[in-house]
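I have placed the structure first, in the form of structure tokens, so that the comments after it can refer back to it.
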Amino acid sequence: MFQIKPIISMLMRNKSGPLLLLLQIILSVAIVANASFIISERIGLMSRESGIAESEVFDFSVYNFDEGIDSETQPLRDLDIIRQLDGVKAATLTSMTPLSGGGWSSNFSHGTSEEDRKDGPNAAIYYGDEQMIPTLGLNLIEGRNFYPDEVNAGGPELASLAIVSAEFAKETFGDESALGKVMYRGDIGNQPMKIVGVVERLQGAWVDNGNLNLSIILNVELASSFNRILVRADESAIVALKEAIPAALHKEHPNRVVRGFKTISEHRVSVYRNHELMASVLSLMVVLLLLITSLGLAGMVMFNIERRTKQIGTRRALGAKKRDIISFFLVENYLLCLIGGGLGCLIAIQLGQQLMTLYSLPKLELIYPIITVAGLLVLTTIAVILPARKAAKISPAIATRSV
């Protein structure tokens, strides 16, 4: 039915063209499978939810260079000024900005003594007040927020209470509730910090870090001559606030620099730019490889039609139907695709292992080579069907005229 024996015999008589096409298919499957996997992985990374109202939150920095400015009290007055502006929902001092690529992180221990001490995972550290949660738009799923009188102004050593992300709680305490648990900075007993709340999700600053979703908020306002401030506002008011905030702060005290206004959404675009570029370049490469492979398939079919005109006409004269001629060329190319696809899958898996070792990429999932081969079969059908239909229209009279 599928005329496989004569097809294989014909391919073996003219090896160079099929071998080159076979090599092209093998390389295409190996490269396209791994490229598609990397594209999918990058898109997955870029689509992770931060837990933050990204379009409503922006940050900026204030540098007080006048020695006459009280670096401890002035930032608190600045927050009061900002909170009173039209369109502002909340504002807080912060030690870092989510998805910014830079900030604070640390490890904490927990346990009742050094004998049963357990070290927690590295986590992003946000120092802030009771407005950190409403400013970022976080969802508090367990426990409570800080009370205003629990927030300390000064250095990191003043932290005594913590609100953690759900993923940090799960990673550190397993299925136990994190509420009421005490963490320590370093040795057991050193600077105890009690967990009073858990937020559903809060990402840190480093998107390539495996601990991106492990975050902690500590009850300290880090007031100094250089401060980073987070503001949540109505989206429609953000543009105006970028002008109103510097004007209001300079009116309070002119000897300082206010700059760097950027929404969390803009930080997301910046921090994921390399991932987006990689996905775009690899997508273009996949399209080009598939296009070149389809052109190669179509080209070989057209070449074979010209070379086999007499043979096609003879078969038509002996009673072969048009669908027999079309199926002959389709099966011929399906065989090449299946053989090349099978070898390409093996090479794709090996290439994936090398990429995993050299670049710490996840292991290639087998579904990607399989989907690539399936897609190549569809592409083969599209590339071959038109030239094959042209071949099927060759009449016996035209074919035998050159005999």
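Side-chain atoms of Asp78 and Gln74 form a donor-acceptor pair, as typed in the model, at a separation below 3.5 Å.
Put simply, the side chain of Tyr272 never gets that close to the backbone of Leu99: no donor and acceptor are under 3.5 Å apart. A donor-acceptor pair under 3.5 Å is formed between the side chain of Ser165 and the backbone N or O of Asn213. Using modelled atom types, no side-chain atom of Glu142 and backbone atom of Leu179 make a donor-acceptor pair closer than 3.5 Å. A side-chain donor-acceptor contact under 3.5 Å links Ser280 to the backbone of Glu276. The backbone N or O of Ala91 sits less than 3.5 Å from a side-chain atom of Arg83, completing a donor-acceptor pair. At least one donor-acceptor pair under 3.5 Å links the side chain of Arg48 to the backbone N or O of Leu45. Judged purely by atom type and a 3.5 angstrom limit, Arg268 uses its side chain to pair as donor or acceptor with the backbone of Met46. No donor-acceptor pair closer than 3.5 Å links the side chain of Glu332 to the backbone N or O of Val301. When atom types are taken as modelled, the side chain of Ser215 and the backbone of Leu202 share a donor-acceptor pair closer than 3.5 angstrom. Looking at Asn219, its side chain does come within 3.5 Å of a backbone N or O of Ser160 through a donor-acceptor pair.
Atom CG in Leu214 sits 10.0 Å away from atom CD1 in Ile125 (nearest 0.5 Å). Glu54 contributes atom CD, which lies 11.5 Å from atom CD of Glu266 (distance to the nearest 0.5 angstrom). Separating the CG atom in Leu21 from the CE atom in Met300 is a distance of 5.0 Å, to the nearest 0.5 Å. How far CG of Leu23 is from CG of Leu336: 12.0 Å, rounded to the nearest 0.5 Å. Atom CD1 of Ile38 and atom CG of Leu282 lie 5.5 Å apart (nearest 0.5 Å). In this structure, CG in Leu386 is found 10.0 Å from CE in Met302, a value given to the nearest 0.5 Å.
Residue-environment remark: CZ (Arg389) stays at or below the threshold of 12 foreign heavy atoms within 6.0 Å. Residue-environment remark: CZ (Phe65) exceeds the threshold of 12 foreign heavy atoms within 6.0 Å. More than 12 heavy-atom neighbours from other residues, nucleotides or ligands sit within 6.0 angstrom of CD on Glu114. Within 6.0 Å of the CD atom in Glu72, the count of heavy atoms belonging to other residues, nucleotides or ligands does not exceed 12. Annotation for Glu49: atom CD does not count as buried by contact number, only 12 or fewer foreign heavy atoms lying within 6.0 Å. The 12-atom threshold is exceeded at CZ of Phe226, counting heavy atoms of other residues, nucleotides or ligands nearer than 6.0 Å.
When all heavy atoms are compared, the tightest approach of Leu364 to Gly352 is CB-CA, 4.4 Å. Leu291 and Ser294 get closest at one heavy-atom pair: O-OG, 2.7 Å. Scanning both residues, Ala162 and Met183, for their nearest heavy atoms gives CB-CE, 3.9 Å. Residues Pro75 and Ala223 come closest through the heavy atom pair CG-CB, 3.9 Å. Here the shortest heavy-atom pairing between Ser28 and Thr293 reads OG-OG1, 2.8 Å. The nearest pair of heavy atoms linking Val220 to Gly154 is CG1-O, 3.8 Å.
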Practice problem: Report the C-alpha distance between Thr172 and Lys181 in whole Å, list the side-chain angles of each, state the deciding distance to 0.1 Å, and finish with yes or no for side chain to side chain donor-acceptor pair (under 3.5 Å). | Solution: CA-CA 10 Å; Thr172 306; Lys181 294 289 195 298; over 6 Å; no
Exercise. Begin from the C-alpha positions of Asn145 and Met132 and carry the test side-chain contact (heavy atoms from CB on, under 4.5 Å) through to its verdict.
Key: CA-CA 9 Å; Asn145 195 0; Met132 179 67 79; over 6 Å; no
Quiz item: Can you check side chain to side chain donor-acceptor pair (under 3.5 Å) on Thr135 and Thr92, steps first, answer last?
Solution: CA-CA 7 Å; Thr135 298; Thr92 184; 5.3 Å; no
Practice problem: Evaluate the side-chain contact (heavy atoms from CB on, under 4.5 Å) criterion for residues Lys262 and Ser270: first the C-alpha distance (whole Å), next the side-chain angles of each, then the deciding distance (0.1 Å), finally the verdict. | Solution: CA-CA 10 Å; Lys262 199 172 186 179; Ser270 297; 3.0 Å; yes
Practice problem: Might you work through the side-chain contact (heavy atoms from CB on, under 4.5 Å) test for Ser225 and Ile69, ending with a clear yes or no? | Solution: CA-CA 8 Å; Ser225 58; Ile69 296 177; over 6 Å; no
Quiz item: Under the side-chain contact (heavy atoms from CB on, under 4.5 Å) criterion, do Met285 and Val281 qualify, and how do the steps go?
Solution: CA-CA 6 Å; Met285 184 179 72; Val281 171; 5.6 Å; no
Practice problem: Show your working on side chain to side chain donor-acceptor pair (under 3.5 Å) between Asp59 and Thr97 and close with a plain yes or no. | Solution: CA-CA 7 Å; Asp59 72 332; Thr97 300; 2.8 Å; yes
Quiz item: Given His275 and Asp208, is the side chain to side chain donor-acceptor pair (under 3.5 Å) satisfied, shown in steps?
Solution: CA-CA 10 Å; His275 294 269; Asp208 293 323; 2.7 Å; yes
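Remark: Lys194 does not engage Glu150 in a salt bridge, criterion side-chain N to carboxylate O under 4.0 Å. Salt bridge Asp116/Lys118: absent, no basic N to carboxylate O contact under 4.0 Å. In this structure, Lys170 does not pair ionically with Glu167, as no charged nitrogen and carboxylate oxygen lie closer than 4.0 Å.
No side-chain heavy atom of Pro134 sits under 4.5 Å from any side-chain heavy atom of Lys89. With a 4.5 Å cut-off on side-chain heavy atoms, Gln131 and Leu230 do not count as touching. Side-chain contact between Leu343 and Val29: absent, with no pair of heavy atoms (C-beta onward) separated by less than 4.5 Å. Two residues are said to be in side-chain contact when any heavy atoms from C-beta on lie closer than 4.5 Å; Glu221 and Leu79 meet this criterion. Counting only heavy atoms from C-beta outward, the side chains of Tyr63 and Ser61 never approach each other to under 4.5 Å. You'll find the side chain of Ser109 reaches within 4.5 Å of the side chain of Ile188, heavy atoms only. Two residues are said to be in side-chain contact when any heavy atoms from C-beta on lie closer than 4.5 Å; Asn255 and Asn64 fail this criterion. By the 4.5 Å heavy-atom criterion applied to side chains, Asp66 and Arg256 are not counted as neighbours.
Ring pair Tyr127/Trp104 is perpendicular by interplanar angle, where above 60° counts as perpendicular and below 30° as parallel. Using a 30° and 60° split on the angle between ring planes, Phe261 and Phe58 fall in the tilted class, from 30° to 60°.
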